[in-house]
Amino acid sequence: MNMAQTGRLITRLRMNLGLTQAQLAQRLDVTDKAVSKWERGKSLPDIALLNRLAAELRVSVIEILSGEFLNVARSSNLDEMSACGEKEDYTQPLSLKPADPGSLMVSPYLFGSNLEHTRSCIRGGLSAQMLRNRKFAGNPSACKGCAAEWYPIGEHTIFTFDRPYTRHGEGYHMKRMSECNSLSLLNPYEGQPAGLGQHGLGVRQGESYLFGAVVRTKGPVTFSAALTNRAGDLVYDLRTMAVEAEEWTRFELELTPNTIDQDADLRIWWEEAGSVCFGALSLLPKDNFRGMRQDVVEAMAEMGIRVLRWPGGNFAGEYNWMDGLLPVDMRAPLQSYLGLETQPHSMGYDYDEINTDDFIALCRKIGAEPFITINPCWNTPEENAAWVEYCNGDSSTKYGRLRAERGYEEPYRVQLWSLGNEFGYGHMEGDNTPGGYCQTALEHGRKMLEVSPKLSLCSSGPYPNKEWAELSARPLSGIAQMISQHYYGHAPNYTELSKVEQEYHECLASVSRMRALIRESRQWLEPNVRISLDEWNVWYAWYRPSSVTDGIYAALAMHLLIEEAEKSGIAVACHFQAVNEGMLCVDPDHVGMTAQGQVFSLMKYHAGNRLCSASQEAVVTIDREEQITATVVNASFSKEKVVDFSQHGPCREAVLYSSATVLPPSVFEKKDVLEQARTGSLCIPPHSVLLLRF
């Protein structure tokens with residue numbers, strides 16, 4: 001890696017975009033001195049910043065690291081890109097003419113999403129678990145010894161970390177720290193309270209919550225568990241249980257608060273002298289789906305996700321599937337290799353709340369095809385082949401029999417498997433050279449295919465890239481039918497009202513770059529190799545309020561995927577992440593669909609239909625009952641678009657998704673316009689999407 005060459009490229013790209021060093025620094029939340037050092041070849045951007053920097057400069061990470069442009073069609077003038085999109089694509093009247101459908105089907109595999117254990121997708125998102133650091137990972141608090149996120153109860157209570165209850169399963173080889181602890185409490189005085197509590201839990205009146213604790217005690221102890229207000233002077237519900245257990249024992253109590261409090265406390269204490277060791281604590285709504293929130297699961301089903309990729313993404317390199325064979329309370333937390341990049345909201349740990357059985361149950365619940373990413377760095381080929389056997393083997397095989405003994409007699413029949421994630425970009429553990437990754441992927445893929453010969457395997461790499469195509473994709477083409485590709489669109493940076501329109505068009509222009517990258521990849525690949533677009537999204541959309549700009553970007557991107565799928569050999573496409581990272585916004589008491597989520601849910605009506613016509617502004621398909629569905633995008637920032645559909649005959653459904661603003665936070669207003677559509681045409685407003693069904 002040549003730092004000077006990388007610095008020169010960053011300088012050139014920044015100046016092409018008309019940005020000062022200070023402006024680029026502001027967008028990246030770094031100092032302008034840091035940008036200056038990069039450009040002078042004195043240092044390199046932190047690994048956690050590379051994807052964001054690439055998105056801001058509209059290049060790939062591999063281009064930044066190599067300091068060279070790949071052979072990708074790109075405009076050297078940002079205004080030209082924006083103007084081209086506005087003049088050519090968005091403002092002309094549109095006539096939807098009937099067309100005989102060909103043999104092409106809109107693959108349901110284009111309507112995928114990731115389910116990655118990163119940021120707030122699981123903790124604070126899909127997981128129904130309410131407690132933070134419920135397995136006592138990390139280091140204790142200074143001078144008190146109490147685990148992080150917990151506070152002590154009792155003036156004289158002595159806290160220490162003890163030998164753990166949580167543990168890792170077979171196949172755990174990762175080098176991590178401070179994952180496994182238990183919390184031991186000594187109460188020196190009879191009749192004095194000793195225990196621990198946690199602030200900031202949202203509870204609802206009349207809803208039942210299951211409190212669980214795994215404990216060891218010295219002598220008999222009567223535990224009290226209560227939901228209270230923050231001060232502790234109002235008790236919403238309290239239950240007690242007598243426990244005496246020299247070995248690890250789990251007990252459970254049901255708590256039903258008599259009020260609503262979004263900042264309630266859970267308090268656990270006893271008054272007998274002696275010691276108690278907590279191995280794990282749990283608090284779940286009684287109405288949960290395998291430890292997942294029912295409302296989030298229902299929202300995922302409503303969106304029409306047809307492929308669900310799990311457990312990552314980057315997190316796949318931190319996951320050990322055999323840990324999931326342990327009971328959920330016993331599974332050790334998994335420390336993040338990338339620290340604040342993947343687990344910034346949970347102390348750098350994932351608490352392993354979802355295992356393979358839960359994931360398959362979720363896929364079946366929402367109607368999605370499972371897509372599993374292995375960990376080829378820390379799991380051996382034999383261990384990943386065992387995962388395939390656990391999913392697909394019958395009861396005559398070792399791991400198929402284990403699955404059956406766990407209550408799942410029928411094989412899961414998981415077809416889609418990814419041989420790791422984002423190798424070649426440098427931030428994943430393992431060999432990131434094309435030849436080194438290729439050798440690793442071959443070893444794992446061959447072992448997996450010995451167990452289940454008809455798998456669809458997806459290899460990784462920084463495509464488009466001629467070296468990776470020749471030294472990795474080509475040798476792997478005999479076993480891997482797909483290569484993975486990742487694309488993040490430009491994230492609008494709304495800092496000045498005068499630049500709102502410019503930011504809007506910069507975001508939409510990046511859809512054209514997605515097309516260029518897909519086509520560039522295609523030219524390097526063997527004809528029998530197809531593309532898996534594992535991640536597409538507006539970069540960093542999950543760290544700011546969502547907006548209609550993101551929604552219009554998503555509409556254009558999904559139209560592009562439908563249009564390009566057969567031309568460019570796209571087999572699978574997954575939105576970056578549904579939960580708390582683009583499509584669903586999860587709060588403690590409700591789930592809301594963002595503008596991207598609204599568009600994704602709208603586009604599901606095309607899945608599985610035969611394709612009549614497709615462009616970025618309009619897609620028309622026909623289903624098995626000969627019913628026609630059309631989606632039309634007016635991506636203009638300020639101009640209306642006339643849509644003529646009179647040749648299709650009368651509509652049976654016409655719904656307009658529009659908004660008065662593109663600024664965050666904003667979502668589309670959904671409006672029935674069937675009455676207005678009876679004339680056979682509509683004039684739809686700027687930045688809107690129209691659904692027509694005939």
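Computed from a predicted model, the values in this text were never measured in an experiment.
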I'd like to check the salt bridge (Lys or Arg N to Asp or Glu O under 4.0 Å) partners of [X]; sequence neighbours left out, ordered by chain and number.
| X | answer |
| --- | --- |
| E526 | R474 |
| R132 | E149 |
| R364 | none |
| D357 | R406 |

Do any pairs count as a salt bridge (Lys or Arg N to Asp or Glu O under 4.0 Å) and have a residue in [range], sequence neighbours left out, and if so which ones?
| range | answer |
| --- | --- |
| residues 477-490 | none |
| residues 557-569 | R515-E563, R515-E564, R519-E564, R530-E566, E563-K567 |
| residues 324-333 | R134-D329, R250-D329 |

Residue among W310, Y172, F359 satisfying ring-ring contact (aromatic ring centres under 6.0 Å, His included) with Y319 | W310

Results of side-chain hydrogen bond (donor to acceptor under 3.5 Å, both in side chains) for W417 - residues two or more places apart only | none

Are any side-chain N or O atoms of S601 and backbone N or O atoms of Q598, one a donor and one an acceptor, separated by less than 3.5 Å?
-> no

Can you list the residues that meet the ring-ring contact (aromatic ring centres under 6.0 Å, His included) rule with [X], with sequence neighbours excluded?
| X | value |
| --- | --- |
| H606 | none |
| Y605 | none |
| Y165 | W248 |
| F371 | none |

Inspect the surroundings of NZ in K447 and state if more than 12 heavy atoms from other residues, nucleotides or ligands are less than 6.0 Å away.
-> no

Passing option when R309 is tested against E116, E535, E369 for salt bridge (Lys or Arg N to Asp or Glu O under 4.0 Å) = E535

